[in-house]
Amino acid sequence: MNEIFAQYCNNRHDMARKWKQETGKKVYGYFCCMSPEEILFAADILPVRITGTGEPLQKADLHVPPNSCPFARSCLDAGMQGHYDYLDGVVVPNSCDIIFSMEYLWKTLVKRPNPPSMVGGIDLKPYVHYINYPEKINSRGVLPFYKEVLSIFKQELERGNNRLITDEDMSRAITAYNDDKFQLKRLYEMRKTDPPAVSGFEAWQAVYASILMPKDQHAALLKESLDEIEKTGRKAEEGVRIYLSGSAMDRVNADIIKVIEECGGQVVTDDLCVGTRSFWYPISTELPPLEAIARRSLGTACPRSTVKERIPENRWAHIVNTIKGYDVEGAIFYVLKCCDARLGEYPHLRDKIKEEMGLPSLFLEGDYTAEGVEQMRGRVEAFIEMIGG
Ligand code: SF4
């Protein structure tokens, strides 16, 4: 769809290094959608999502048990191998258990670019920032608590970068993020037609690029591409319309989308963190900026927030919002091994999607390797044939 998006997808580290060299600005890595990346953008820092390599691990297995999420282990391995040596900081939210432990692991195992700035046993310019994202996201005291967490994070950035982050900076960041969300929503709207204007893999590439490049540049490029598609009226291949729901998905395992499409399916919408969960809802421009960012982050419809209810209200609402209007014919769950957040929720979600939407589903358990994705081809083909008749 756009050559630059493809370059970011295939060559993310070189693209970030080039950007850093050209602009002289800082780049921070972050985990998971709930990270308050808008505050980094407001500080004139490029936030990039940390992803893994899919290659056999060289170093991380010495420190993290092999029966934990292969994506997270691969991210740490990439850090330990120096793939992220251009980062000036790392943001770790308390999302799932393994990502939570990245604060300690990254701090102790990944080489930092500069020495700590210690005063009285406290690092005044931390390299790894921990965001204490609450376990429960919807009780009364959560918002004031989380605003305080984000305010501390903002102060750490101000100290570390010798620069105040004003409300104007934060509002500018919110506008840039909302503009990009608007274009991504437009892209997803264009997939409601049959056949869709854009294939599932092309759409995924556009979303993936959005978590690796400056949001304002991404929005401008995406707008240009979508205007062109509208003008030419081009369409993607026809196929059985699939809803893809899954764990972390990056360049390693997104080939599952290609497999689905090569087997006669067409991914038209999704419940992915490199997908609808990263952009679906705009950030309020009516509230004070810090509160607006806190509410956006707390509103992330992540399965990790399943504490008491089997499927919390905001999860189900997100699923309904991202399925309705797409004429979905079947759901594919692509869940990584050891991803407790998704595995715990899956049977309830499968049943609810069947009962309330009448959709058949297929469960695939991924190991975060390219070979593992390829091995799923037969099952995907059978599922799509079953729906397509
Ligand atoms: S894939 Fe699952 S276990 Fe792995 S980092 Fe994401 S939520 Fe956590």
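Not measured: the values here are computed from a predicted model. Count residues from 1 along the sequence. Counting starts at 1 for both ligands and their atoms, following the listed order.
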Would you check if there is a donor-acceptor pair between the side chains of [Y] and [X] at a distance under 3.5 Å?
X      : Y      : answer
Arg49  : Ser278 : no
Tyr188 : Thr322 : no
Thr166 : Asp169 : yes
Tyr127 : Asn114 : no

Tell me which part of Cys339 gets within contact of ligand 1: side chain, backbone, both or neither, using heavy atoms under 4.0 Å.
->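 Under 4.0 Å from ligand 1, Cys339 contributes backbone and side-chain atoms.
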Just let me know how Ile99 lines up against ligand 1, side chain, backbone, both or neither, with a heavy-atom cut-off below 4.0 Å.
->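 The side chain, only.
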Among all protein non-hydrogen atoms, which one is nearest to atom 4 (Fe) of ligand 1, and what is the separation to 0.1 Å?
->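 Its nearest protein heavy-atom neighbour is Cys69 SG, 2.3 Å.
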What residue and atom, counting heavy atoms only, is the protein's closest point to atom 6 (Fe) of ligand 1, and at what distance?
->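 I find the closest protein heavy atom is Ala248 CB, 4.1 Å.
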Is it true that some N/O/S atom of Cys96, main chain or side chain, lies under 2.8 Å from atom 8 (Fe) of ligand 1?
->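 Checking atom 8 (Fe) of ligand 1 against Cys96, an N, O or S atom does fall under 2.8 Å.
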Going through the checks in order, is the ring pair (Phe, Tyr, Trp, His ring centres under 6.0 Å) test met by His129 and Tyr30?
-> CA-CA 9 Å; His129 302 261; Tyr30 68 93; over 10 Å; no
Parallel, tilted or perpendicular: which describes the rings of Tyr208 and Trp204, with under 30° parallel and over 60° perpendicular?
->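 Tyr208 vs Trp204 ring planes: parallel.
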Whether Cys338 has an N, O or S atom under 2.8 Å from atom 4 (Fe) of ligand 1 =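 Checking Cys338: none of its N, O or S atoms is under 2.8 Å.
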Just jot down the ligand 1 atoms closer than 4.0 angstrom to any heavy atom of Ser247, in number order.
->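 Listed by number with element, the hits are 1 (S).
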